[in-house]
Amino acid sequence: MDSFYMTVYNITTLIPSGMVSTYGRIAAMAGSPRAARAVGYALHSLPEDQLATVPWQRVINSRGKISSSGDSGRAVLQKKLLLSEGIIFGGDDTVSLKEFGWPR
DNA sequence: ATCGTGACGAACG
DNA sequence: CCGTTCGCCACGA
C-alpha cells in the first residue's frame with residue numbers, strides 16, 4: 001500500500017480544481033524526479049475505484065497537452081472534465097501551465 | 001533477477 | 001514550436 005503508485009494517487013488528489021499539474025512535477029513530489037514515465041503508467045493503471053476519487057484528468061504532460069496513449073475516448077473525456085472545471089484550452093488543445101499549472 | 005513496456009522529459013537540430 | 005533520440009523509473013510476466 002505504500003507503493004510509488006499510492007504516493008502518486010495521493011499527490012494527484014491534492015491538485016486543486018481548476019488547475020493542472022504534470023507527470024514530471026508529480027514524480028518530483030513523489031520523490032523520484034526522473035520517474036515521470038512511471039507516473040503516467042500509474043495513472044494509466046488507475047483502478048476504477050480510484051478513478052472516482054483521483055482527479056487524474058488534472059495531470060498532463062510538460063507541454064500542457066493531454067496524453068492518452070491512443071485512447072481518444074479518454075482524451076475527450078479529460079478535456080471535457082477540465083473545461084467544466086474552468087480550464088481554458090488553446091486552439092491546439094493545449095493548456096497554459098503558466099496560468100493553470102500547479103503548484104505555481 | 002532480467003526483459004520489455006509505457007498517460008514522460010530534457011536536450012538537439 | 002515540432003519531431004527525434006536517449007535516458008529514467010516502476011511494474012508485470
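Letters A, B, ... mirror the listed sequences (proteins, then strands); counts begin at 1.
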> In whole Å, what is the span from the CG atom of A/Asp93 to the P atom of C/dC1?
Replying inline: 15 Å
>> Would A/Val20 and A/Ile87 count as a side chain to side chain contact (heavy atoms under 4.5 Å, CB included) here? Give the steps.
In response: CA-CA 8 Å; A/Val20 295; A/Ile87 301 295; 4.1 Å; yes
> Which whole-number value in Å describes the distance from A/Tyr23 OH to B/dG9 C1'?
Replying inline: 13 Å
> Going by heavy atoms in the side chains, are A/Arg58 and A/Glu85 under 4.5 Å from each other?
Replying inline: yes
>> Can you confirm whether A/Trp56 sits close enough to A/Tyr9 that some side-chain heavy atom of one is under 4.5 Å from a side-chain heavy atom of the other?
In response: no
> To the nearest angstrom, how far is A/Leu97 atom CG from B/dA10 atom C1'?
Replying inline: 15 Å
> Taking A/Val59 as the fixed residue, which of A/Ile66, A/Ile15, A/Ile11 is the one that meets the side-chain contact (heavy atoms from CB on, under 4.5 Å) rule?
Replying inline: A/Ile15
> A/Arg63 CZ to B/dA11 P: how many Å, rounded?
Replying inline: 13 Å
>> Quick check: do A/Thr22 and A/Asn61 have side-chain heavy atoms less than 4.5 Å from each other?
In response: no
> Which nucleotides of nucleotides 7-13 of chain C have their base under 4.0 Å from a protein heavy atom (B), which only their sugar-phosphate (S), and which neither (-), written as one string 5' to 3'?
Replying inline: BBBSS--
Anything under 3.5 Å between a donor and an acceptor, one on a side chain of residues 92-104 of chain A, the other on a protein residue two or more places apart or in another chain? List them.
{"from": "A/Asp92", "atom 1": "OD1", "to": "A/Thr94", "atom 2": "OG1", "distance (Å)": "2.8"}
{"from": "A/Asp93", "atom 1": "OD1", "to": "A/Lys79", "atom 2": "NZ", "distance (Å)": "2.9"}
{"from": "A/Ser96", "atom 1": "OG", "to": "A/Glu99", "atom 2": "N", "distance (Å)": "3.3"}

